[in-house]
Q: 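Questions regarding the structure given below will be posed in turn.
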Amino acid sequence: MIVVIDGPAGSGKSSTAKAVAAKLQIQFLDSGALYRVATLIFLNADKDYQTFFDRLEESKISFHFKDGKFHAILNDQDVSDEIRSMEVSKHVSDVASNPDVRKYVNDLMREVVKSNVYIADGRDLGTAVFPDAALKFYMVADLETRAQRRYEEVRANGKNVTLEEVKQNITQRDDTDSNRSSDPLKQADDAILVDTSDMTFDEQVAFICQKIEQLISQQKT
Ligand code: DC
């Protein structure tokens, strides 16, 4: 079974999904992290698309959720912190716009989720990757709130950025993610809209948990 949360950058998808996974003892999949790993390969290939695709083919990307943290592994090396750099953030939307990169990441995700119960977050999971997901949420929040959240997250990781830089990055990424031709950021028709602008983190988590528990109890009857 898979539950998906899509939405723009900084709307609270990842942190909420992670907390829900820990609470319900299910697996968490951060699809954006996989696009970030691909972007790391792209940057290490000096932004040359031919070298990048050769290296992507040769690379082994895997992931796991352990002790409340999503770990992204590239060729046996944990790159979970490296993929959160501003350099990766600056290029990730362009790399993720490439249809071949999307196919690579989608194939990887579809294979892995076959064997467990997952909550995953992304941009196109409910519309394109898992159209038959058991439950779909679309999480939004106003730009100020989203920028402030991302800013605090990046600063907490010891990175030196300004709130204005984070806001610009989020605005640019939302624009690229929403307007790309290949599976853009979009609310699925059957997704539940969750506006987190005025919700506390605990309220977000409780809302999603309640919907999942409701579904599970309906399936039992
Ligand atoms: O969730 P995030 O901000 O770490 O995602 C990084 C980028 O990856 C985001 O700007 C767009 C892309 N992405 C995507 O295109 N499709 C997804 N399902 C998840 C992320």
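Count residues from 1 along the sequence. All ligand and atom numbering here is 1-based and tracks the order in the structure.
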Q: Distance under 4.0 Å, heavy atoms only, partner ligand 1: which residues pass?
A: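 Shell around ligand 1 (4.0 Å, heavy atoms): Ser31, Gly32, Tyr35, Arg36, Arg84, Val92, Ser93, Ala96, Arg102, Gly122, Arg123, Asp124, Leu125, Arg150, Arg173, Asp177, Arg180.
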Q: Show me the pairs that pass ring pair (Phe, Tyr, Trp, His ring centres under 6.0 Å) and involve residues 2-47, at least two apart or across chains.
A: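 Matches after skipping sequence neighbours: Phe28-Phe65, Phe28-Phe70, Phe42-Tyr49, Phe42-Phe52.
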Q: Counting only heavy atoms from other residues, nucleotides and ligands, does the tally under 6.0 Å from CG of Asp76 exceed 12?
A: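 Counting neighbours around CG of Asp76, 12 or fewer heavy atoms of other residues, nucleotides or ligands fall under 6.0 Å, so no.
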Q: Is a salt bridge present between Arg155 and Glu152, judged by a nitrogen-to-oxygen distance below 4.0 Å?
A: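 Salt bridge absent between Arg155 and Glu152.
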Q: Using the ring pair (Phe, Tyr, Trp, His ring centres under 6.0 Å) rule, collect all pairs that involve residues 199-221, keeping only residues at least two apart or in two chains.
A: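 Of all non-adjacent pairs touching residues 199-221, none passes ring pair (Phe, Tyr, Trp, His ring centres under 6.0 Å).
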Q: Applying ring pair (Phe, Tyr, Trp, His ring centres under 6.0 Å), which residue pairs with at least one partner in residues 99-153 are found, sequence neighbours left out?
A: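 Non-adjacent pairs meeting ring pair (Phe, Tyr, Trp, His ring centres under 6.0 Å): zero.
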Q: Before giving the answer on side chain to side chain donor-acceptor pair (under 3.5 Å), spell out for Gln218 and Gln214 the whole-Å C-alpha distance, their side-chain angles and the decisive distance to 0.1 Å.
A: CA-CA 6 Å; Gln218 274 166 8; Gln214 221 170 39; 5.1 Å; no
